[in-house]
Amino acid sequence: MGKRTLSVALFAAMLTVAGCSGGASPSADETAAAPANPDDASGSITVLTNRTDLVEDGTMKKYAAEFNKVYPKVKVTFEGLTDYEGEVKIRMNTEDYGDVLLIPSAVAKGDYPKFFAPLGDTSSMKETYRFTGKTDVAGKTYGIATFGTANGLVYNKALWKKAGITDWPTTTDEFLDDLKTVKEKTGATPYYTNFKDGWPLESPWTNGVGSISCDAQATDQLAATDEPWAEGSDLRTLDGLLFDMVQQKLTEKDPATTNWESSKTLLAKGKVGSMMLGSWAINQMRDAAEKAGQNPDDIGFMPVPSQKDGKFCATLVSDYQQAVNIHSEHKEAARAWIDWFTEKSGYATKEGAVSVLKSEAMPATLQDYVDNDVQLIERSEAKTAEVNAIDNAAEIGLNKPDYRKKLIDMARGATDGSFESYIEELNKRWSEARQTVGS
């Protein structure tokens, strides 16, 4: 994950220059239909990915070799991009942005038909795939998720046990007390923000909307409220927890020096107690534990510390969505890759993530959730376009790091301001933006 290098306004301007400002419906020949049989798919395709690690260690090449056993006439080349969002946004000013790509968050949902080929009718695809609502535009699906992820906190169970804590906290106050205990009894850093890298302050926190209220429609409802940070709301609870952790000195001493790759080892060795991340991170943390000579079973995953009617809830959301470039000359081959990678590669299982296929069970990484009856809620994305439009107009960035970075800076005294005054400002900006975009 990397820096976002373009403002929303600049990106929109670039797309207009590229001649993509219309809203025309895709024609039949633009549809990326699945090939009737493997020999129908041919040509060279380029797949853009944020998984630079899997490109560099040869894993993606191994996937391509397996794919070629089924589709021998398709040559697959990978481009691993470190600053995926920033680089792809720039390339989308041209027609050259790969044949298969992960949909950048900066592209408005309503604009998907301008850049991506439809993959099929949502009404039929939703029977097979999870998360089709995220890329549904006018009844067509434009992306298939690489996998799904449940929200929660990755933590070092051995460290927490050393501090005398064996049960999951059920409230944010109890969680804060547990973090204090971890700090006092072990000397470890109770929570690690990954402030410098930024992206861990984005979706890992915003994906929690719905887990506090146990409401699958929680994100959609942001389009209909003037106060997303009202008392008792999901956003206020989540952002309040982040603020309190920092203010109470339960996080790293200098957030400007955090490092994502190093943080895995710190958690694995019990030098850090917990991090808010999707369940996709569990296997990465366990791999880090093995490499560090630690027990991978010490890495656990707990729900956000909040219950409704005595039960924990966790949102189930999609990771990046795989799409076909509408300008691709080999749409059939590109679609063949997406279908194979989704259904046959085993990628989701290897990552310990939730399969996008509804027919597959929850992964072993979420066994603690299954055993403890954590209610998994597949979050609705029906109003994503409206929510994103308000968010962009308000210049808050629910899926960007800036406003939470400011929250952290206030909490640690690096910037003036209080939690209450900042929340009031955010609500005001959101309300005004709703009027601007006509919601």
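What you are looking at is a predicted structure, and each value in this text was computed from that prediction instead of being measured.
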Pairwise distance CZ(Arg91) to CG(Asn325) - rounded to 0.5 angstrom: 9.5 Å
Any donor-acceptor N/O pair, Thr149 side chain to Ser279 backbone, under 3.5 Å: yes
Main-chain N/O of Leu267 paired to Asn156 side chain as donor or acceptor, under 3.5 Å: yes
Glu184-Thr181 side chain donor-acceptor pair, cut-off 3.5 Å: no
CG on Leu176 to OG1 on Thr171, rounded to 0.5 Å: 8.5 Å
Non-hydrogen atoms of Asp297 and Lys157 that approach each other most closely: O-CE, 3.2 Å
salt_bridge(Asp402, Lys406) N-O dist < 4.0 Å: no
Min side-chain heavy-atom separation Lys196-Asn259 under 4.5 Å: no
Trp199 (side chain) donor-acceptor with Pro401 (main chain) under 3.5 angstrom: no
Sidechain-backbone polar pair: Glu79 side chain, Thr46 backbone, donor-acceptor under 3.5 Å: no
Check: Phe116 ring centre within less than 6.0 Å of Tyr142 ring centre: no
Check against side chain to side chain contact (heavy atoms under 4.5 Å, CB included), Lys180 and Leu250: CA-CA 7 Å; Lys180 290 172 189 171; Leu250 300 171; 3.7 Å; yes
Non-hydrogen atoms of Val88 and Leu101 that approach each other most closely: CG1-CD1, 4.0 Å
Under 3.5 Å: donor-acceptor pair, side chain of Asn68, backbone of Val74: yes
Polar side chain donor-acceptor pair, Thr342 to Gln322, under 3.5 angstrom: yes
From CA spacing to verdict: side chain to side chain contact (heavy atoms under 4.5 Å, CB included), Val304, Ile212: CA-CA 8 Å; Val304 172; Ile212 308 294; 3.6 Å; yes
Nearest heavy-atom neighbours spanning Asp391 and Gly397: OD1-N, 2.9 Å
Considering all heavy atoms, the nearest Ala268-Ala289 contact: CB-CA, 3.4 Å
Ion pair Glu227/Arg434, N-O distance below 4.0 Å: no
Neighbour count >12 (heavy atoms, 6.0 Å) for atom CG, Asp371: yes
Side-chain ion pair, Glu420 and Arg236, N-O less than 4.0 Å: yes
Lys126 atom NZ, over 12 foreign heavy atoms within 6.0 Å: no
Glu424 CD: over 12 foreign heavy atoms closer than 6.0 Å: no
Minimum heavy-atom distance Ile377-Asp215, with the two atoms named: CD1-N, 3.8 Å
Backbone of Gly148 reached by a side-chain donor or acceptor of Asp319 within 3.5 Å: no
Short side-chain to backbone donor-acceptor contact, Glu174 and Thr170, under 3.5 Å: yes
Ser355 side-chain N/O to Leu357 backbone N/O, donor-acceptor pair under 3.5 Å: yes
Sidechain N-carboxylate O distance under 4.0 Å for Lys311, Asp309: no
Polar contact flag, side-chain donor to acceptor under 3.5 angstrom, Lys264-Gln284: yes
Flag for Thr94-Asp96: side-chain donor and acceptor within less than 3.5 Å: no
Between Trp260 and Tyr192: side-chain donor-acceptor atoms closer than 3.5 Å: no
Lys183 side chain near Lys249 side chain, heavy-atom distance below 4.5 Å: yes
From Phe78 atom CZ to Thr49 atom OG1, the distance as rounded to the nearest 0.5 Å: 8.5 Å
Ser418 side, atom OG; Glu425 side, atom CD - distance, nearest 0.5 Å: 10.5 Å
Residue pairs, two or more places apart or on separate chains, that pass ring pair (Phe, Tyr, Trp, His ring centres under 6.0 Å) and touch residues 349-404: Trp229-Tyr403, Phe301-Tyr369
Stacked cation flag Lys405 on Phe195, 6.0 angstrom / 45 deg: yes
Ser306 side chain reached by Phe175 side chain, heavy atoms, under 4.5 Å: no
Residue pair Lys383 / Glu386, side-chain heavy-atom distance below 4.5 Å: yes
Stepwise side chain to side chain donor-acceptor pair (under 3.5 Å) check, Thr193 with Glu252: CA-CA 7 Å; Thr193 69; Glu252 70 278 353; 2.4 Å; yes
Heavy-atom check, side chain of Thr172 versus side chain of Asp244, under 4.5 Å: no
Distance-only side-chain donor-acceptor flag, Thr219 / Arg379, under 3.5 Å: yes
Check: Thr186 main-chain N/O paired with Lys162 side-chain donor or acceptor under 3.5 Å: no
Leu54 and Tyr347: CA distance, side-chain angles, deciding distance, side chain to side chain contact (heavy atoms under 4.5 Å, CB included) verdict: CA-CA 11 Å; Leu54 300 186; Tyr347 175 70; 3.7 Å; yes
Other residues, nucleotides, ligands: >12 heavy atoms within 6.0 Å of Lys358 NZ: yes
With sequence neighbours excluded, residues passing ring pair (Phe, Tyr, Trp, His ring centres under 6.0 Å) with Tyr129: none
Distance in Å, Asp234 CG paired with Cys313 SG, rounded so as to fall on 0.5 Å steps: 10.0 Å
Step-by-step ring-ring contact (aromatic ring centres under 6.0 Å, His included) determination, Phe147 to Tyr320: CA-CA 8 Å; Phe147 55 71; Tyr320 269 123; 9.6 Å; no
Minimum side-chain heavy-atom gap Val324-Asp99 below 4.5 Å: no
Whether Gln321 side chain and Ala145 backbone form a donor-acceptor pair below 3.5 Å: yes
Phe312 vs Ser211, side chain to side chain contact (heavy atoms under 4.5 Å, CB included): CA-CA, chis, key distance, verdict: CA-CA 8 Å; Phe312 288 109; Ser211 60; over 6 Å; no
Test log, rule ring-ring contact (aromatic ring centres under 6.0 Å, His included), inputs Trp340 and Tyr71: CA-CA 9 Å; Trp340 180 88; Tyr71 296 95; 8.3 Å; no
Test item: Glu85 and Ser105 side chains (from C-beta on) under 4.5 Å apart, heavy atoms: yes
Donor on one side chain, acceptor on other, Thr315 and Asn207, under 3.5 Å: no
Any side-chain heavy-atom pair of Asn283 and Pro296 under 4.5 Å: no
More than 12 heavy atoms from other groups under 6.0 Å of CD on Glu395: no
From Gln217 atom CD to Leu222 atom CG, the distance as rounded to the nearest 0.5 Å: 11.5 Å
